[in-house]
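Notes follow once the structure below has been shown.
Residue indices begin at 1 and follow the sequence shown. All figures in this text were calculated on a predicted structure; none of them were measured in a lab.
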Amino acid sequence: MKKVVNLSFILLILLASGCSSQKEAEKNERELAKLQKEVSELRIENTKLKMENTKLERKLKTIIKERTDSKN
């Protein structure tokens with residue numbers, strides 16, 4: 001994820017530095033803001049998925065423990 005963000009920033013910096021007009025610079029700034037928002041949303045989604053994964057792992061461990069205990 002960090003590589004995507006870093007590459008996006010590098011690309012936008014290169015585009016901004018090579019642009020010949022103010023319109024291009026503004027367009028690049030809007031694109032950067034859009035990408036930053038998307039990255040932020042993806043981080044939030046990733047955090048939610050990690051929490052869900054942790055919850056499911058706990059359930060699985062509990063089920064495995066219960067089955068192991070019932071066999072003994």
Side-chain angles (χ1 to χ4, degrees):
M1 177 62 89
K2 283 187 177 183
K3 289 181 182 181
V4 172
V5 174
N6 290 339
L7 290 175
S8 298
F9 285 123
I10 291 170
L11 177 60
L12 287 170
I13 289 169
L14 290 174
L15 288 171
S17 66
C19 68
S20 59
S21 71
Q22 183 66 24
K23 280 187 176 182
E24 286 182 57
E26 290 171 357
K27 179 182 171 188
N28 289 335
E29 287 178 19
R30 285 191 301 272
E31 183 67 23
L32 175 59
K34 180 180 167 186
L35 287 170
Q36 287 174 330
K37 180 180 177 186
E38 188 176 333
V39 167
S40 177
E41 290 169 355
L42 288 170
R43 284 183 178 153
I44 291 168
E45 184 179 346
N46 188 41
T47 301
K48 288 178 183 177
L49 289 170
K50 283 180 181 179
M51 288 172 27
E52 181 68 22
N53 188 41
T54 301
K55 196 186 317 181
L56 291 171
E57 284 177 349
R58 286 183 192 143
K59 278 185 174 180
L60 180 61
K61 286 179 183 179
T62 302
I63 291 169
I64 291 171
K65 187 175 187 295
E66 288 172 355
R67 288 186 180 176
T68 304
D69 289 347
S70 69
K71 286 181 182 179
N72 293 334

Distance-only, no hydrogens or angles: does the T54 side chain make a donor-acceptor pair with backbone N or O of K50 under 3.5 Å?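 Present.
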Kindly determine whether K37 and E41 satisfy side-chain contact (heavy atoms from CB on, under 4.5 Å), including the steps that lead there. CA-CA 6 Å; K37 180 180 177 186; E41 290 169 355; 3.2 Å; yes
Please walk me through it: do K55 and R58 pass side-chain contact (heavy atoms from CB on, under 4.5 Å)? CA-CA 5 Å; K55 196 186 317 181; R58 286 183 192 143; 5.6 Å; no
Is K48 paired with E45 through a side-chain N to carboxylate O contact shorter than 4.0 Å?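 No, this pair does not count.
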Testing T62, T68, D69, I63 one by one against K65 for a side chain to side chain contact (heavy atoms under 4.5 Å, CB included), which residue passes?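 One option only clears the test, and that one is D69.
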More than 12 non-hydrogen atoms from neighbouring residues, nucleotides or ligands closer than 6.0 Å to CD on E38, yes or no?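 No, not enclosed.
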Atom CD1 in I64, atom CD in E66: separation rounded to 0.5 Å?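 Reported value, rounded in 0.5 Å steps: 10.5 Å.
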